[in-house]
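First the structure, in the form of structure tokens, and then the observations on it.
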Number of protein chains: 2
Amino acid sequence: MQRPNPFDAQCPTRKVLDRIGDKWAVLILILLEHETLRFNELRRRIEAISQKMLSQTLKSLERDGLIRREAFPTVPVTVEYSLTELGRTLAVTVDSLRIWAETHIGTVEAAQRRYDRGAGPDLAETASR
Amino acid sequence: MQRPNPFDAQCPTRKVLDRIGDKWAVLILILLEHETLRFNELRRRIEAISQKMLSQTLKSLERDGLIRREAFPTVPVTVEYSLTELGRTLAVTVDSLRIWAETHIGTVEAAQRRYDRGAGPDLAETASR
DNA sequence: CGGCATCCTGGTGGATACTG
DNA sequence: CAGTATCCACCAGGATGCCG
């Protein structure tokens with residue numbers, strides 16, 4: 001079988017990458033990694049997410065088999081979201097991104113300030129050829 | 001110092017996460033992980049990216065200190081892009097995402113088909129409380 | 001509580017043309 | 001070759017209102 005090529009726009013692997021590209025999805029995966037949460041609990045935890053985006057993101061994560069949705073017929077209704085086994089493996093991987101971000105945020109911000117200060121940071125770039 | 005909280009919209013860590021959320025950025029990092037490339041080479045490799053998005057993405061990656069841009073005064077001008085040390089560490093992390101995607105794409109697609117088939121996949125969801 | 005339907009806007013990104 | 005500049009269409013996503 002041929003190796004998936006994420007640089008091809010049609011590649012299914014690219015679709016997965018796009019899904020991860022969704023920042024809300026990433027945050028939800030990280031949150032659910034350690035506990036089961038209800039809809040409004042998620043809403044409160046993720047500052048500034050609209051309920052539209054939350055419900056939309058939850059639905060596609062469920063469709064992808066990454067999270068499990070359980071509804072309990074209480075009044076009012078109670079709905080719990082948790083990771084599936086598959087989701088758990090992705091959450092671990094994604095969490096390493098969060099860790100990278102937390103670790104290197106300082107370096108990145110310093111680079112940004114340097115870049116913003118001088119339009120031409122390094123003059124060594126005019127090497128001969 | 002207080003732990004960065006990516007669920008707070010203002011958190012700088014979230015900004016990094018958002019950057020990774022950019023699918024083009026991810027693809028560029030992966031491409032540059034193993035070789036230095038010129039502008040139009042990148043353009044050819046990443047199917048369907050517009051030159052606007054490419055140049056825009058390259059610029060912000062450079063600003064973040066993740067890639068290095070070197071221009072050579074040949075005619076016509078030659079520009080090479082490569083990863084910085086910082087960029088290399090991120091590329092490694094991001095690459096694990098690509099691997100996850102390639103590994104589990106089959107499972108995800110199966111889950112999607114199951115979900116799309118029956119609107120109510122599992123009936124066990126009506127547990128008592 | 002946990003959503004869905006509708007409406008509406010701003011900003012993302014494509015297409016095109018031009019330049020050093 | 002490696003971009004920048006301009007214009008513009010589209011739709012992601014916020015706001016609001018309603019419902020089981």
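The chains referred to below are lettered A, B, ... by the order of the sequence lines, with proteins before strands, and numbering in each begins at 1. Just so we're clear, the structure is a prediction, and the values are computed from it rather than from any experiment.
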With salt bridge (Lys or Arg N to Asp or Glu O under 4.0 Å) as the test, would you mind laying out the steps for B:Asp95 and B:Arg98 before giving the verdict? CA-CA 5 Å; B:Asp95 207 45; B:Arg98 198 208 73 226; 2.6 Å; yes
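Between the CZ atom of B:Phe39 and the C1' atom of D:dT4 there is a distance of 10 Å, given to the nearest Å. Atom CZ of B:Arg19 is separated from atom P of C:dT12 by 12 Å (rounded to the nearest Å). For the pair A:Gln51 CD and C:dA5 C1', the computed distance is 11 Å after rounding to whole Å. Atom CD of B:Gln56 is separated from atom P of C:dG11 by 14 Å (rounded to the nearest Å). Regarding B:Phe72, its CZ atom lies at a distance of 18 Å from the C1' atom of C:dG20, rounded to whole Å. Rounded to a whole Å, the CD atom of A:Glu80 is 9 Å from the P atom of C:dG2. If you take CG of B:Leu54 and P of D:dA2, they are 10 Å apart, rounded to a whole angstrom. As a whole-Å value, the separation of B:Glu41 CD from D:dA2 C1' is 12 Å.
Looking at every heavy atom in both residues, B:Trp100 comes nearest to B:Val108 through CH2-CG2, 4.2 Å. Closest heavy-atom contact between A:Ala91 and A:Glu33: O-OE1, 3.9 Å.
At the heavy-atom level, B:Val77 lies under 4.0 Å from base atoms of the strands shown.
Within the structure, a side-chain polar atom (N or O) of A:Tyr81 is placed less than 4.0 Å from OP1 or OP2 of C:dG3. Side-chain N/O atoms of A:Arg43 include none lying less than 4.0 angstrom from OP1 or OP2 on C:dC1. Considering only side-chain N and O atoms, B:Arg38 lies nowhere under 4.0 angstrom from the phosphate OP1 or OP2 of D:dC1. Within the 4.0 Å cut-off from OP1 or OP2 of C:dC4, at least one side-chain nitrogen or oxygen of A:Ser55 is found.
Side-chain atoms of B:Arg68 do not come within 3.5 Å of backbone N or O of B:Tyr81 as any donor-acceptor pair. Using modelled atom types, one side-chain atom of B:Thr84 and one backbone atom of B:Gly65 make a donor-acceptor pair closer than 3.5 Å.
Nearest-nucleotide positions on DNA chain D for B:Lys59 and B:Arg44 put B:Arg44 closer to the 5' end. Across the interface with DNA chain C, nearest-nucleotide mapping of A:Pro76 and A:Lys52 shows A:Pro76 to be the residue nearer the 5′ end.
Listed nucleotides D:dT4, D:dG14, D:dA2 differ in distance to B:Asn40; the shortest reach to its side chain belongs to D:dA2. Of the candidates D:dG13, D:dA2, C:dA17, the closest approach to any side-chain atom of A:Met53 belongs to D:dG13.
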